[in-house]
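Numbering starts at 1 and runs along the sequence shown.
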Amino acid sequence: MSFNSPFTGNVVQPTDVSYRRIILTTDLQLEWPINGTTTDDAAARIMEVSTASSAHELWMPPANQASVGQDALIRNVGAVSVTVKDYTGANTIVTIAAGQAQYIYIVTNATTAGTWGIIAFGIGSSGADAATLAGYGLLAIGQTLNQSQPVTTFSSNYTALTTDRSKTYVWTGGAGTLTLTLASTLADNWFMFLRNSGTGALTVTGTSGDLVNGSASIVLQPVDSCIIVCSGSQFYTVGLGRNTQFAFTQLSKAVTSGSYTLTASEASNVIQKYTGTLTGNVTIVVPSTVQVYYIVNDTSGAFTVTITTGSGATAVLTTGTQATLVCDSVNLYNANTILAGSSNISLNNGSVGAPSLNFSSETTTGVYRAASGEFNISILGVLRLTVSASGLAIVGTGNFTGGVSGGTY
């Protein structure tokens, strides 16, 4: 039977098949209907396909027998995924999940396999392809996108990545570290959830100077939790929950010389340890707020660390000493001036240049213990008196206004 045009006399090609319903029971090789196929395996423009086994595949006709742009809309109306391959059967064009539809078309047709483009056409009659749209922090459930916070437990040091957006990480180890990838890499609006369910402190630190709440790092004690958000340049915590069994946090800050002004986040740490080799005297400026500080001067070098609000009374700590300080928002006072109920006080041995009992305005003058069985007095860093089991030894000249009696001279 021939089809002739009433205008030109030329043969009119039969219209391409518009719709087919296909049930796959084995691999099916399709043909273009314009090739005059005598089989029922013609490729239609719209095909509804189902199969009982994912092993059954649908193979498209030769790409070089059609023009670029030749297309087909394939909808999986079954309960099992359908794999669509090119004519050779070697390359998968698309795998269509149950209930989904995919629109495919020829991009290049130099070979029988060709190159095929894919557009996620949707689900059902009008729904978007949620599985294609779902990114980090989103989960496709049916035709809808849903918020997702999958939980991952970890007990070894870990670096949070871009792919960890919206994930919940639960620490289950002892002491450990969570390192945050560069804020510029994670970019603004990246976030993650974090909880310490372990037995030790979890340190959260930035990379290459990125700050967390204005500090180089923060510490989550067991049972602490928070949301970490990125601004693109640094990190912040939201809803940092503190376990009441661990009321104190510690700031460990390396210093060398000069003045350091603590941020509000740094000053919120009740316990503060200062480390490093001093090349000059150091001044730590704390906020003008009411607070109690436990200060540990763990530095080395013949210099001091002064704690101040910028005005009022200050506290001076020499190397290797500690102090409990009370700040009234202006002055810093030593909280250990009176020990209620105590019968004795123990001091560090100290040294001639840093006596253990000294004066805040002259820290090189005071008493110390140079060796076993000795009591020593230092004046401006110079030994002037030693009391031992054998007697009294004075270094320097003596001026006795009341005279001297007894003994041999």
Query raised in the report: Which is it for Asn331 and Thr309 under the side-chain contact (heavy atoms from CB on, under 4.5 Å) test, yes or no, and what are the steps along the way?
Result: CA-CA 7 Å; Asn331 304 288; Thr309 62; over 6 Å; no
Query raised in the report: Which pairs, with at least one residue in residues 46-61 and sequence neighbours excluded, count as a salt bridge (charged side-chain N to carboxylate O under 4.0 Å, His left out)?
Result: Glu48-Arg75, Glu57-Lys85
Query raised in the report: Does Thr237 reach the main-chain N or O of Leu240 with its side chain, forming a donor-acceptor pair under 3.5 Å?
Result: no
Requested in this report: Show the numbers, then the answer: is there a side chain to side chain donor-acceptor pair (under 3.5 Å) between Ser300 and Thr277?
Outcome: CA-CA 5 Å; Ser300 59; Thr277 301; 3.3 Å; yes
Query raised in the report: Can you tell if the side chain of Ile104 reaches within under 4.5 Å of the side chain of Met60, non-hydrogen atoms only?
Result: yes
Query raised in the report: Do the non-hydrogen side-chain atoms of Leu58 and Leu24 ever get within less than 4.5 Å of each other?
Result: yes
Query raised in the report: Just one of Asn213, Val212, Val204 clears the side chain to side chain contact (heavy atoms under 4.5 Å, CB included) bar with Phe235, so which one?
Result: Val212
Report task. Applying side-chain contact (heavy atoms from CB on, under 4.5 Å), run through Ile307 and Val305 and close with a yes or a no. Result -> CA-CA 7 Å; Ile307 313 297; Val305 173; 4.0 Å; yes
Query raised in the report: Shortest non-hydrogen contact from Ala113 to Asn91?
Result: CB-ND2, 4.3 Å
Report summary line: Rounding to 0.5 Å, atoms CG (Leu194) and CD1 (Ile228) come to a distance of 5.0 Å
Report task. Can you sort out the partners of Thr108 under side-chain hydrogen bond (donor to acceptor under 3.5 Å, both in side chains), two or more places apart, ordered by chain and number? Result -> Thr115
Query raised in the report: Does any non-hydrogen side-chain atom of Asp71 lie less than 4.5 Å from one of Arg45?
Result: yes
Query - Heavy-atom check, side chain of Leu385 versus side chain of Val395, under 4.5 Å - result: no
Requested in this report: Let me see the working for Thr153 and Val170 under side-chain contact (heavy atoms from CB on, under 4.5 Å), right down to the final yes or no.
Outcome: CA-CA 5 Å; Thr153 59; Val170 179; 4.2 Å; yes
Query raised in the report: Which residue pairs pass the ring pair (Phe, Tyr, Trp, His ring centres under 6.0 Å) test with at least one member in residues 137-169, sequence neighbours excluded?
Result: Phe154-Tyr169, Phe154-Trp171, Tyr158-Tyr169
Query - Modelled atom types, side-chain donor and acceptor of Thr299 and Asn297, under 3.5 Å - result: yes
**Report entry** side-chain contact (heavy atoms from CB on, under 4.5 Å) assessment of Val282 paired with Tyr260
**Finding:** CA-CA 8 Å; Val282 168; Tyr260 298 81; 3.8 Å; yes
**Report entry** Side-chain touch Leu28/Asp41, heavy atoms, less than 4.5 angstrom
**Finding:** yes
Requested in this report: Scan residues 193-223 for pairs that pass ring pair (Phe, Tyr, Trp, His ring centres under 6.0 Å), counting only residues two or more places apart or in two chains.
Outcome: Phe191-Phe193
Requested in this report: Determine, step by step, whether Tyr274 and Asp298 satisfy the side chain to side chain donor-acceptor pair (under 3.5 Å) criterion, reporting the C-alpha distance in whole Å, the side-chain angles of both residues, the deciding distance to 0.1 Å, and the verdict.
Outcome: CA-CA 6 Å; Tyr274 295 96; Asp298 200 26; over 6 Å; no
Residues 177-187, side-chain donor-acceptor partners within the protein, below 3.5 Å, at least two apart:
| residue | atom | partner | partner atom | Å |
| --- | --- | --- | --- | --- |
| Thr181 | OG1 | Ala160 | O | 2.5 |

Query raised in the report: Can you name the nearest heavy-atom pair linking Ser50 to Asn76, along with the distance?
Result: CA-OD1, 4.3 Å
Query - Within-4.5 Å side-chain heavy-atom neighbours: Tyr19 and Met47 - result: no
Report task. Would you mind listing every side chain to side chain donor-acceptor pair (under 3.5 Å) that reaches into residues 196-208, with sequence neighbours excluded? Result -> Arg195-Ser197
**Report entry** Residues that Lys253 engages under salt bridge (charged side-chain N to carboxylate O under 4.0 Å, His left out), provided they are two or more places apart
**Finding:** Glu266
Query raised in the report: Counting N and O atoms only, with roles assigned by atom type, does the side chain of Asn281 sit under 3.5 Å from a partner on the main chain of Thr304, one being a donor and the other an acceptor?
Result: yes
Query - Polar side-chain atom of Thr365 near backbone of Leu380 as donor-acceptor pair, under 3.5 Å - result: yes
Requested in this report: Specify the closest pair of heavy atoms between Tyr136 and Thr162, including all atoms of both residues, with the distance to one decimal.
Outcome: CD1-O, 4.1 Å
Query raised in the report: Do Gln234 and Ser231 pass the side chain to side chain donor-acceptor pair (under 3.5 Å) test, and can you show the C-alpha distance, the side-chain angles, and the key distance before you say yes or no?
Result: CA-CA 6 Å; Gln234 57 183 305; Ser231 69; 5.3 Å; no
Query raised in the report: Looking just at side-chain N and O atoms, do Thr386 and Asn376 make a donor-acceptor pair shorter than 3.5 Å?
Result: yes
Query - Set of residues satisfying salt bridge (charged side-chain N to carboxylate O under 4.0 Å, His left out) with respect to Asp188, sequence neighbours excluded - result: none
Query raised in the report: Can you check whether Ser54's main-chain N or O pairs, donor with acceptor, with Thr51's side chain at less than 3.5 Å?
Result: no
Query - Sub-4.5 Å side-chain heavy-atom contact between Gln102 and Ile96 - result: yes
With a 3.5 Å cut-off and sequence neighbours excluded, list the donor-acceptor pairs that the side chains of residues 284-295 form with protein atoms.
none

Query raised in the report: Do the non-hydrogen side-chain atoms of Ile227 and Met192 ever get within less than 4.5 Å of each other?
Result: no
Query raised in the report: So which pairs with a foot in residues 144-165 pass salt bridge (charged side-chain N to carboxylate O under 4.0 Å, His left out), sequence neighbours left out?
Result: Asp164-Lys167
Query raised in the report: Which residue pairs pass the salt bridge (charged side-chain N to carboxylate O under 4.0 Å, His left out) test with at least one member in residues 392-404, sequence neighbours excluded?
Result: none
Query - Where Gly198 and Pro222 come nearest, the two heavy atoms and their spacing - result: O-CB, 3.6 Å
Query raised in the report: What closest approach, in Å, do Cys327 and Val330 show between heavy atoms, and which atom pair accounts for it?
Result: SG-N, 4.3 Å
Query raised in the report: What are the two closest heavy atoms between Asp86 and Trp59, and how far apart are they?
Result: O-CB, 3.9 Å
Requested in this report: If a pair satisfies ring pair (Phe, Tyr, Trp, His ring centres under 6.0 Å) and one of its residues is in residues 358-381, list it, with sequence neighbours excluded.
Outcome: none
